Amino acid sequence: MVKVTVKFFAVGRDITGSDELMLELPEGTTAGEVLIQVKQRYPAFEKVAALLVAVNLDYADTATVLYDGDELAVIPPVSGG
Amino acid sequence: MVKVTVKFFAVGRDITGSDELMLELPEGTTAGEVLIQVKQRYPAFEKVAALLVAVNLDYADTATVLYDGDELAVIPPVSGG
Amino acid sequence: MSADDFAFNLITDRPIDVQALIGRVAAPECGGLAIFIGMVRNHSKGRTVRHLEYEAYPEMALKKMNEIALEIKSKWPEVSKIAMIHRTGKLAIGEIAVAIAVTTPHRAEAFTACRYAIDTLKSTAPIWKKEVFEDGDVWASAHA
Amino acid sequence: MSADDFAFNLITDRPIDVQALIGRVAAPECGGLAIFIGMVRNHSKGRTVRHLEYEAYPEMALKKMNEIALEIKSKWPEVSKIAMIHRTGKLAIGEIAVAIAVTTPHRAEAFTACRYAIDTLKSTAPIWKKEVFEDGDVWASAHA
């Protein structure tokens, strides 16, 4: 098993009600699989268009395999500036 | 006769040694004719490329006729900014 | 090359001081300085904005800003220095949300690089804006 | 339309305060502010500059600046406010010679209009720069 921190921001934090959660996942789990889990747990994410994922501070493909200690962030559409 | 103020700036002021001079000119005198007089009086102006003339705060054609009270400025190449 | 060599990037919850920003990028060999400042507008999509709240994923936003600086230096090697500051927290109308300054020996590249920096920051940096209206609030999703 | 309605232009022998300049153009409906700042460089055409001296034909320079502002407003009607300040007198390395600020609701026009303003000011405003070197001085004739 690998331990991964999942971080939420903005509308994502509003939906989950928390900044982050810790997940224990089978080895080989991908970023995309985590995103699916998150959407199942919090169906309101389905209403957020174009959700991206970052792994360890970089935007990541959904096929990215997660390792122990990784930080995955769920990135709603950005609106800085 | 018309009275015209001729103003000098930058390299022009260095050449003439003064900010301005007053000229009394026959009616119908043009800006270009004043420029020729100035160059005759101060031959060093021949070394200044692309001298422009302004009449009453606007760039003016050398054919511009001068009237009593006009302010003519001899404008060396600008280098602001 | 590290972004630290020529870039100063910051996510802060304190007001942005433009004069200090200029001090970060001023260089004796550079004559041209372009700055972009994004301020809080009093309306959005026809609605009256009361204030904004900015939130960032600060570690990643800073990493993105450093990447943008490196990318700019590689696209426009003439660029001497660049500084990008984005504010977080509650901002009133007219306050500065983001400020970007770029110095170059000649001005053309300063404008181009500054424009590129704000465009790229807005589309990639993980920063979010909540628009607070008289009658509710919404996380902005467009980066117009 | 008069330039006074949306423009603040100034020729001054006092140091230019960028924060005050921003205050001149900030508008609650405008989110984008582009600024260009021209600073005194420590070299010119390979020679070491000790300081610069700027001289203006102030009445005409101000008239040109107002004309530039009107022209910008007609080219880019979206422009909300514009401020142009040019300094005269003796300037040390790193001091600000010129600062131009333009606000628009959206940023693209702010950059374009600001770029146009500095380019046009440099090529048309009757302002001259004397470069003082270690071993002499010269009135600059190019407006690079």
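Throughout, protein chains are lettered first and strands after them, A, B, ... in sequence-line order, and every chain is numbered starting at 1. Just so it is clear, the structure is predicted and the values come from calculations on it, not from any experiment.
- Put simply, OH on Y57(C) and CD on E71(A) are 3.5 Å apart, with the number rounded to the nearest 0.5 Å.
- A distance-only check finds no donor-acceptor pair linking the side chain of W128(C) to the backbone of F9(A) [under 3.5 Å].
- Using a 4.5 Å cut-off between heavy atoms, E59(C) contacts chain A through both its backbone and its side chain.
- In terms of heavy-atom proximity, V98(C) sits nearest to G81(A) at CG1-CA, 3.7 Å.
- With respect to chain A, the highest number of heavy-atom pairs below 4.5 Å among M39(C), K64(C), E53(C), R87(C) belongs to K64(C).
- A pairwise comparison of heavy atoms in T124(C) and V78(A) identifies N-CG2, 4.3 Å as the closest pair.
- Using a 4.5 Å cut-off between heavy atoms, W139(C) touches chain A through its side chain atoms alone.
- Only the backbone of A56(C) comes within contact range of chain A, judged by heavy atoms closer than 4.5 Å.
- Heavy-atom distances place the side chain of E67(C), and not its backbone, under 4.5 Å from chain A.
- A 6.0 Å sphere centred on CZ of R24(C) holds no more than 12 heavy atoms belonging to other residues, nucleotides or ligands.
- Inspection of non-hydrogen atoms places A54(A), N56(A), L57(A), D58(A) of residues 35-58 of chain A under 4.5 Å from chain C.
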